[in-house]
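One structure below.
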There are 2 protein chains.
Amino acid sequence: MVRTMSEPSHRPVDDALRSRLRERLELYMARKKLRSTAQRRVIVETFLEGRAHVTIEDLLEIVRTRDKGIGYATVYRTLKLLAECGVASERKFGDGLSRYELADDDDDHHDHLICTSCGGITEFEEPRIEKLQEVVAARHNFQVTTHKLELYGICQACSSASKKGAGQRN
Amino acid sequence: MVRTMSEPSHRPVDDALRSRLRERLELYMARKKLRSTAQRRVIVETFLEGRAHVTIEDLLEIVRTRDKGIGYATVYRTLKLLAECGVASERKFGDGLSRYELADDDDDHHDHLICTSCGGITEFEEPRIEKLQEVVAARHNFQVTTHKLELYGICQACSSASKKGAGQRN
DNA sequence: CTAAGTGCAAAAAGTTTGCATTCCG
DNA sequence: CGGAATGCAAACTTTTTGCACTTAG
């Protein structure tokens with residue numbers, strides 16, 4: 001009950017992305033003759049449908065609500081598999097944890113704003129920066145394969161919270 | 001300005017920077033009533049005069065040629081101290097190691113090209129990218145305190161080496 | 001059937017810390 | 001002297017792996 005249609009969680013754009021990724025995974029697994037197990041299916045679905053930037057620990061917790069017995073190592077190995085075949089991207093934001101998100105399409109890269117107060121992560125795209133990166137790389141005869149751009153600081157929510165005098169913290 | 005760290009390049013320009021950093025450290029230590037020990041002096045000098053992007057392990061090895069008995073923990077704690085007072089910057093390039101380099105001046109930030117083949121790290125500056133980062137941050141009402149931009153790929157040396165070796169690609 | 005996949009526990013790998021001892025100020 | 005600093009080893013954290021058992025194909 002109570003599912004009013006007007007609300008936000010449904011993003012048709014991402015559905016298309018997800019099916020592309022699912023397909024990519026299937027092809028990869030077929031080619032490498034990898035097996036589809038109950039655990040993998042649960043982990044992959046949870047990852048694809050879940051929020052971005054999950055840690056292995058996060059994902060394990062969610063996955064275990066669906067299948068009690070799944071172990072850390074299986075989640076770890078499955079995420080590694082997803083990263084290998086270009087379905088997930090591993091990110092390290094310097095807090096010592098590895099995080100995973102849906103892989104971008106080749107032509108559609110995004111970067112991150114990271115709030116050092118609440119830990120919130122926001123994505124952004126700025127094609128002009130990507131262009132300049134190419135310029136820099138060319139200047140050094142460097143062939144870029146990937147890049148990482150992260151802006152660390154205080155997000156809007158935290159800065160208005162501290163203005164009001166309230167504490168923040170996640 | 002471009003400083004390439006993989007080669008034995010000597011940089012007279014940096015002498016001014018080093019004295020500024022030494023002074024900053026002295027002020028900090030005086031203010032906090034920290035002590036100048038033989039170990040710290042060796043570690044700090046080795047760090048200031050050595051090449052950029054050293055790991056703790058690297059630095060320990062060099063330091064021990066000067067003072068056999070220095071322990072890992074002391075190097076670790078001294079680098080942490082240097083980072084605290086703005087003399088060193090800690091960098092993590094995703095290979096699981098922490099690396100340290102001389103801190104930039106406030107107005108003079110640089111970023112990195114990282115060769116995934118030879119591990120070489122080259123520094124670059126591109127003010128237009130910095131500008132655009134500010135634009136992005138403003139768009140999100142985000143107050144940037146620091147940022148990290150890394151381009152991963154194949155450096156010139158490695159790509160010409162593989163050209164000779166494998167004889168394909170152009 | 002048989003090789004891939006799983007779960008567990010232990011190993012790695014890097015970072016941090018507790019503590020007895022040393023030594024700067 | 002007294003507290004800061006050191007060196008060692010042990011504790012931690014997160015990631016990775018060895019292995020015996022299970023199971024997909």
Side-chain angles (χ1 to χ4, degrees), chain A residues 25-47 53-61 63-85 88-100 119, chain B residues 25-47 53-85 87-100 119:
Chain A
L25 175 61
E26 271 169 43
L27 286 170
Y28 185 83
M29 291 183 67
R31 182 152 42 83
K32 292 247 189 172
K33 309 214 185 311
L34 304 181
R35 294 171 183 175
S36 174
T37 65
Q39 293 95 325
R40 270 188 188 162
R41 285 189 297 271
V42 171
I43 294 167
V44 170
E45 274 317 296
T46 304
F47 172 71
H53 315 122
V54 286
T55 62
I56 294 184
E57 210 79 53
D58 288 342
L59 196 58
L60 178 62
E61 194 181 334
V63 148
R64 277 192 171 153
T65 64
R66 295 224 242 163
D67 179 338
K68 206 85 61 184
I70 292 182
Y72 183 101
T74 302
V75 175
Y76 164 78
R77 286 186 280 230
T78 301
L79 284 174
K80 203 168 156 190
L81 163 64
L82 292 180
E84 262 169 41
C85 69
S89 296
E90 190 190 59
R91 303 279 180 181
K92 300 192 178 191
F93 294 131
D95 59 357
L97 299 176
S98 296
R99 293 163 186 280
Y100 295 83
Chain B
L25 174 61
E26 270 169 45
L27 286 170
Y28 184 83
M29 290 183 67
R31 183 152 41 82
K32 291 248 188 169
K33 308 210 186 314
L34 305 181
R35 294 171 182 176
S36 174
T37 65
Q39 292 93 327
R40 269 188 188 164
R41 285 188 298 270
V42 171
I43 294 167
V44 169
E45 275 316 297
T46 304
F47 172 70
H53 316 119
V54 287
T55 62
I56 295 184
E57 210 80 52
D58 287 343
L59 197 57
L60 178 61
E61 193 181 336
I62 305 171
V63 148
R64 277 192 171 155
T65 65
R66 295 224 242 164
D67 180 338
K68 206 87 62 186
I70 293 181
Y72 183 102
T74 302
V75 175
Y76 164 79
R77 286 186 279 230
T78 301
L79 284 174
K80 203 168 157 187
L81 163 64
L82 293 179
E84 262 169 44
C85 70
V87 167
S89 297
E90 190 189 60
R91 303 280 181 180
K92 301 193 178 190
F93 294 131
D95 59 358
L97 299 175
S98 294
R99 292 163 187 280
Y100 295 83

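Remember, it's a predicted structure, so these values are computed and weren't measured experimentally.
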So how far is it from A:T74 OG1 to A:I56 CD1, rounded to the nearest 0.5 Å? 11.5 Å
Which distance, rounded to the nearest 0.5 Å, do you find between the CE of B:M29 and the CZ of B:R31? 12.0 Å
Pick base, sugar-phosphate or nothing for A:R77, based on heavy-atom distances below 4.0 Å to the nucleic acid. base
[X] has an atom [atom1]; how far is it from atom [atom2] of [N], in whole Å?
| X | N | atom1 | atom2 | answer |
| --- | --- | --- | --- | --- |
| B:D67 | C:dT22 | CG | C1' | 14 Å |
| A:K32 | C:dG5 | NZ | P | 11 Å |
| A:L60 | C:dT6 | CG | C1' | 13 Å |
| B:E90 | C:dG14 | CD | P | 14 Å |
| A:L81 | D:dT16 | CG | P | 14 Å |
| A:R41 | C:dT6 | CZ | P | 10 Å |
| B:E26 | C:dG25 | CD | P | 12 Å |
| B:D95 | C:dA13 | CG | C1' | 12 Å |

Side chain of [X]: nearest nucleotide among [options]?
| X | options | answer |
| --- | --- | --- |
| A:K80 | D:dG7, D:dT17, C:dT6 | D:dT17 |
| A:A73 | D:dT6, D:dG7, C:dC8 | C:dC8 |
| A:T37 | C:dT6, D:dT23, D:dT17 | C:dT6 |
| A:L34 | D:dG7, C:dA4, D:dT14 | C:dA4 |
| A:R35 | C:dT6, C:dT15, C:dT2 | C:dT2 |
| B:Y76 | C:dG14, C:dT15, C:dG7 | C:dT15 |
| A:Y72 | D:dT15, C:dT2, D:dT6 | D:dT15 |

Nearest-nucleotide comparison on DNA chain C, the residue closer to the 5′ end among B:Q39 and A:T78: A:T78
If each of A:G69 and A:K33 is mapped to the nucleotide of DNA chain C with the nearest heavy atom, which maps nearer the 5' terminus, i.e. the 5' end? A:K33
If you count every heavy atom of other residues, nucleotides or ligands that lies below 6.0 Å from A:E61 atom CD, does the total exceed 12? no
Looking at every non-hydrogen atom in both residues, tell me the closest pair between B:G71 and B:R64 and how far apart they are. CA-NH2, 3.8 Å
Shortest non-hydrogen separation from A:R99 to A:H53 and the atoms involved: NH1-O, 3.1 Å
Looking at C:dT15, I'd like to know if its phosphate oxygens (OP1 or OP2) sit under 4.0 Å from a side-chain N or O belonging to B:S98. yes
